[in-house]
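What you see is a predicted model, and the numbers here were worked out from it, not measured in a lab. Basis for what follows: all heavy atoms, side chains included, without hydrogens, waters or symmetry-related copies.
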Amino acid sequence: MSRREGMADSEWRAEAEAFIHHFVGPTKRDRYLSRPELLSEGISHDLEAHLDAKCAIVVTGHVHDSESLIAGLFAATGNIEHGYCLVAGGWCPKHWRDRRKVPIAELRTNLVWWNGDVLFTFANASAAYFAAEAMKGSTRALLIADKAQRARTLRVLDTVQGPLDKDAPRKPR
């Protein structure tokens, strides 16, 4: 599916608009609502500056893996069956661009979804995962719309964290 066809996808547009309402800061919300396709253009250079920081939980690859991120998402949203790929990065499998709904089972086994230039939404865009590789560094964040759900997610992430390699520092339990 080409980018143009993806933008015409009504399900993609509904997810994108829900994401924009929940997570894009008020000063840029109208810009993105008028052109949701901007979400897929220059994500690492543009969107990060426009996200509502109060909704973000910054995560790092040295502490969290896809399993702990999914545990955090479950804490925020309940039992989710799939993620919706709004923006597929260069490392993402092609079929994620064609078939935007990606089952959680596939996200558990395929580690690329939480690496570099991706935007996934969960539970009708009430939660999202954003990763961007910019020239000055990288950003990875879970975005949770509800304050109480963010607190639950933080508690879960604190208890399930596990380093990806043996040399990564462990947080005392």
Side-chain angles (χ1 to χ4, degrees), residues 12 15-16 18-25 39-40 43-44 47-97 99-134 136-173:
W12 184 94
E15 283 288 318
F19 172 84
I20 292 163
H21 281 292
H22 287 127
F23 302 116
V24 173
L39 290 175
S40 65
I43 188 170
S44 62
L47 184 60
E48 179 182 355
H50 304 313
L51 292 175
D52 189 348
K54 72 180 189 305
C55 297
I57 300 170
V58 176
V59 295
T60 66
H62 294 294
V63 178
H64 296 287
D65 58 13
S66 61
E67 189 63 35
S68 66
L69 295 177
I70 289 170
L73 289 165
F74 271 59
T77 62
N79 189 16
I80 49 179
E81 296 176 9
H82 67 274
Y84 195 88
C85 185
L86 284 181
V87 176
W91 295 100
C92 291
K94 182 183 177 320
H95 69 274
W96 288 4
R97 295 174 198 153
R99 177 181 49 93
R100 300 260 183 192
K101 279 187 182 178
V102 181
I104 287 296
E106 191 171 337
L107 294 177
R108 284 185 194 280
T109 59
N110 191 328
L111 301 181
V112 301
W113 71 274
W114 59 280
N115 249 338
D117 292 353
V118 297
L119 176 56
F120 270 86
T121 59
F122 302 90
N124 298 317
S126 64
Y129 176 75
F130 169 73
E133 299 290 335
K136 295 180 181 178
S138 63
T139 299
R140 287 172 180 71
L142 283 175
L143 303 165
I144 310 293
D146 181 78
K147 187 176 181 178
Q149 291 172 329
R150 269 193 311 282
R152 273 197 309 273
T153 302
L154 281 168
R155 283 193 300 275
V156 167
L157 291 176
D158 282 344
T159 61
V160 300
Q161 70 180 350
L164 295 178
D165 59 53
K166 64 181 172 106
D167 297 326
R170 284 192 178 268
K171 184 176 179 179
R173 294 186 189 254

Closest contact, heavy atoms only, [X] versus [Y]:
X: V118; Y: C92; result: CG1-SG, 3.4 Å
X: A16; Y: L86; result: N-CD2, 3.8 Å
X: S40; Y: V87; result: CA-CG2, 3.6 Å
X: S68; Y: L157; result: O-CD2, 3.3 Å
X: I80; Y: I104; result: O-CG1, 3.4 Å
X: N124; Y: E15; result: CA-OE2, 3.8 Å

Roughly how far apart are [X] [atom1] and [Y] [atom2], rounded to 0.5 Å?
X: C85; Y: W96; atom1: SG; atom2: CH2; value: 7.0 Å
X: I57; Y: Q149; atom1: CD1; atom2: CD; value: 10.0 Å
X: L39; Y: T121; atom1: CG; atom2: OG1; value: 10.0 Å

Provide the full list of side-chain hydrogen bond (donor to acceptor under 3.5 Å, both in side chains) pairs with a residue in residues 74-90, sequence neighbours left out, each pair given once.
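Non-adjacent pairs meeting side-chain hydrogen bond (donor to acceptor under 3.5 Å, both in side chains): D9-Y84.
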Assess whether side chain to side chain contact (heavy atoms under 4.5 Å, CB included) is satisfied between L154 and I144, documenting all intermediate values.
CA-CA 10 Å; L154 281 168; I144 310 293; over 6 Å; no
Is the distance from the ring center of W12 to that of F19 below 6.0 Å?
no
So, [X] side chain and [Y] main chain: donor-acceptor pair closer than 3.5 Å or not?
X: T153; Y: G72; answer: yes
X: R140; Y: V59; answer: no
X: H22; Y: A127; answer: no

Less than 6.0 angstrom from the centroid, inside 45 degrees of the normal: does R150 satisfy that with respect to the ring of F23?
no
Got F130 and L142 here, is their nearest side-chain heavy-atom distance under 4.5 Å?
no
Using the side chain to side chain contact (heavy atoms under 4.5 Å, CB included) rule, take Y129 and L143 through it: C-alpha gap first, then chi angles, then the decisive distance, then the call.
CA-CA 6 Å; Y129 176 75; L143 303 165; over 6 Å; no
